[in-house]
Amino acid sequence: MISNVSTFTWITLAILIVIIAIALKLKNRSKKDTFLILGLVDSGKTSLFIKLRDRKQVQTHTSMKENEGYINLEDNGEPLTKVPIHFVDVPGHEKLRFKFSDFTPITCGIIFLVDSSTCAKNVRSIAEYLYDIFSNKDVIKHNIPTLIACNKNDMITALPPERIQTMLENEINQLRNTRTSALDHQDSSGTDYVEFLGYENERFKFEHLENEVNFEKCSVDKNEITEIKSWVAEIYGRL
Amino acid sequence: MLDFFTILTKGGIVLWSKSFTRITSSPVNSLIGDVLIEERAGENSYTKDSYSLKWTFANELDLIFVAAYQKILQLAYIEELLATVKKFFCDKFANFIKDSGKLHKFDFDEDFGAILNKIEEKDSKSHEKLSKPRPFEKTKKFKETAEGSKKLSVSDISKPPTNPIISEDEIARNIEELHRYNGKRGRGGRKQSGTGRPNVSSDEKKQARKKTMRVWDDKVSKAEMESLDYSGDKGDSDKSSSVDPQNLVDQNQLGQFQDGYYEVQDIGQDDDEDEFEEDDYNETNDTSVENNSGSSILSFFKSITGQKEITEQDLVPVLAKMKEHLIKKNVAADIAAHLCDSVARNLVGQKTGSFKSIQSTVKQSMEMSLKRILTPKTSVDLLRDIAQAQSDSRPYTICFIGVNDLTSTNLSKTCFWLLQNGLKVLIAACDTFRSGAVEQLRVHVRNLNALGQNSNVELYERGYGKDAAGIAKDAINYAKINKFEVVLIDTAGRMQDNEPLMRALAKLVSVNNPDKIIFVGEALVGNEAVDQLTKFNQALKDFSGLQNPRHIDGMILTKFDTVDDKVWRK
């Protein structure tokens, strides 16, 4: 009789511990602390990742796989945040881009790198990628803030961020009409409804979006990435 | 000799590199973009500009080793070099590489130099051995001479004599193949112009039908002549608007306008999940677990909890089953083999994740590769492209090519969708060979105009027997003048083996430079499709005469309801 009671209490204790452990794990999993580094091929994402992590310049080739790591952000030796931040650099190749949607549930900020010197030629691809990002259901649901960093600012042919902003807005304006009347994809999982960004009767502007979009210029080569770092620190501080 | 050698991670970071000459373009980027991401990693080498590249993977550490040399050279030792360097590098720096938190400087120059020298020496020695010619005694000719035949060696006698007489079975088999081959050619022969191919099968077909009395004199009765006369204004386009839209299409099949956008009606989809697959894999799971416990208890536990390093032997049964499954689902045999090869290359050496069996790792990897292959590289946003062409004030041209005459019907279907989106379309009848092709298009145009509310579609034709490329060019000019937004070019069906027709097609493409070249194939054709597509593509490349030839941009797969069972259900 007594042994029954004690085994009974042991069992309930064990179950309680298991439940608490699971609850904690679930809570941790829903924590969003990741920053995604996205962009077209050759926009400088992997170089940015290495610069943030090791403060070194390294030769890179097209990424086949994502680079991720916990990085301590610092500015001239001074740490900007208390804990290391999780960064993920997703390959920009068209065939591998879709992987970014695996990370969006845990994302709290997106850094989108644009190559300012070749921006004029690639405006359509950049706009399509941005459209995909902004139509992603996690981005919409959590209003994930985005920083569009115009990289390679040191090149002669680089355009200023304001010009790039106008070009992208025009492009997305046209895109949203054609996207919504396009034929369905074979793999439309879940929502078949394609998002229409912005307001219907007005030309598209980034400020119409619910999530915050900022434009900054930077140059990973010349180590001018302080704006990115301070933006990340600010977004992280808001959590 | 070797131009450069690089070691990089799969994430794109270069760990070590050495170049012996100045590198002009960036061949490694092209290698990654064209081959590795496209899942063609099973191939041996890749050529771009003036470089030839060979590579190998170290999957457990996520590394790629690439060696590049001049394309005109033939260096046989590169693969050995890659393997040796891989082993050496991984052994020496494994710990550093695994610690992915920081970058390290890899001091590999001297080691690499030593390995390279050793292998080059070995290679040049083996070359010397090969370059000495055999003495005359060892050649076949000597053995056939009088002297040689006397000195029969033991090895000659022990070999069974080669039988020059082919057996009867072989003869029968050959004849059967010849018949089949002729039959196939004959069927294609009906559709080809100019070449006098024997119409074997068409004759057979005629005889198989019921025997009607043949009329041998040339007199055609008046009634027959009237019914056969389709020329002129009889039953024709512009004037007779007495086409009832209700009779044309079942109203339920039309799509709907939602929020001002036209949405196409979906084909009835099957909601059944692939439960069959799950059962299949559970079975193999059990058997492989049993095998492992047979070998050793430790590896058995390892395989369940993961952390087991995948070797080639483990992969072979799983991949064989996967390949069989793909082939059963009607994937072409050599493509399935290629895919499994590439997946194997990516997986060898990797550790399975926790609590995952090899099957699920392979399945996951296969899913990733398939997803990668099927993701289009360029955007498929047709409407956007059309708007772009409009802003350049020229019409957007789409050219439909195919093996049999499916192009007209599918062209009309595409035209319908474009019309619903409010575009002005011109159809160019460049099928000048098949009788009735132009009339068929005329009927389509009449019906399309009747169906839609504001449909604006016209037909541009110049009759039969003319040069297709010329008609297409005139059509595009006409469209430009009259502000048509899209031009759809219909071409005659042609077999992929017919060289003159392929040339004509390539000429049409190179003269007119259409924005999209779409191949229309039918789902019935099965694995033949692989042959058709490769030959069409190759012909377009070879016969175009341009520096950067066009190739097929897209494909429409039609008659999908005929293979419904085989593809969508079990």
Side-chain angles (χ1 to χ4, degrees), chain A residues 41-42 45-47 49-51 53-72 84 88-99 102 124-125 127-129 131-132 171 174-188 192-194 196 200, chain B residues 6 8-17 26-33 36-39 41 57 62 64 66 100-105 255 257-264 266 269 346 368 371-388 391 417 420-422:
Chain A
V41 172
D42 265 354
K45 304 179 291 296
T46 312
S47 308
F49 183 78
I50 299 293
K51 260 291 160 67
R53 194 178 74 178
D54 306 311
R55 282 163 291 288
K56 273 195 239 168
Q57 180 79 5
V58 125
Q59 191 194 16
T60 59
H61 288 298
T62 313
S63 312
M64 260 174 79
K65 243 175 122 162
E66 58 276 3
N67 290 311
E68 58 175 296
Y70 281 87
I71 301 180
N72 274 314
V88 178
D89 153 37
V90 178
H93 197 268
E94 294 84 359
K95 296 213 162 198
L96 299 172
R97 269 185 214 166
F98 59 84
K99 282 200 204 178
D102 293 338
R124 269 188 67 181
S125 330
E128 277 170 15
Y129 198 176
Y131 198 95
D132 284 332
E171 201 45 48
Q174 281 199 302
L175 256 188
R176 54 186 187 166
N177 289 331
T178 55
R179 276 293 180 95
T180 39
S181 51
L183 298 166
D184 282 330
H185 287 283
Q186 197 59 22
D187 69 329
S188 36
D192 295 276
Y193 178 65
V194 179
F196 188 89
E200 282 209 26
Chain B
T6 322
L8 60 145
T9 66
K10 280 197 183 163
I13 307 169
V14 172
L15 295 180
W16 181 85
S17 91
S26 110
V28 183
N29 273 343
S30 328
L31 171 73
I32 299 180
L36 302 182
I37 295 187
E38 298 271 352
E39 291 304 317
F57 292 104
D62 272 347
I64 313 175
V66 183
S100 59
K102 276 169 40 131
L103 256 191
H104 297 270
K105 194 149 176 13
F257 275 95
Q258 265 195 18
D259 302 334
Y261 301 108
Y262 179 71
E263 254 188 50
V264 180
D266 258 337
Q269 291 237 13
N346 274 331
M368 283 297 314
K371 207 167 178 180
R372 274 213 293 247
I373 296 182
L374 292 174
T375 312
K377 255 201 284 203
T378 53
S379 79
V380 229
D381 202 347
L382 207 57
L383 294 174
R384 180 73 192 82
D385 290 340
I386 296 176
Q388 180 81 29
S391 60
W417 178 67
Q420 295 296 329
N421 278 304

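So you know, we letter chains A, B, ... as the sequences are listed, proteins then strands, and number each from 1.
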Roughly how far apart are B:Leu8 CG and A:Met64 CE, rounded to 0.5 Å? 9.5 Å
For A:Asp132, I'd like to know if atom CG has over 12 heavy atoms of other residues, nucleotides or ligands within 6.0 Å. yes
List the atom of B:Gly11, the atom of A:Ser63, and the distance in Å for their closest heavy-atom pair. O-OG, 2.7 Å
So how far is it from B:Ile13 CD1 to A:Ile50 CD1, rounded to the nearest 0.5 Å? 3.5 Å
Given a strict heavy-atom distance threshold of 4.5 Å, which part of B:Ile64 is in contact with chain A: side chain, backbone, both, or neither? side chain
B:Ser30 portion near chain A, given a 4.5 angstrom heavy-atom threshold: neither
Please confirm whether the backbone N or O of A:His61 pairs with a side-chain atom of B:Asn29, one donor and one acceptor, at under 3.5 Å? no
Measure the shortest side-chain to side-chain distance between B:Met368 and A:Lys99 over non-hydrogen atoms and say whether it is less than 4.5 angstrom. yes
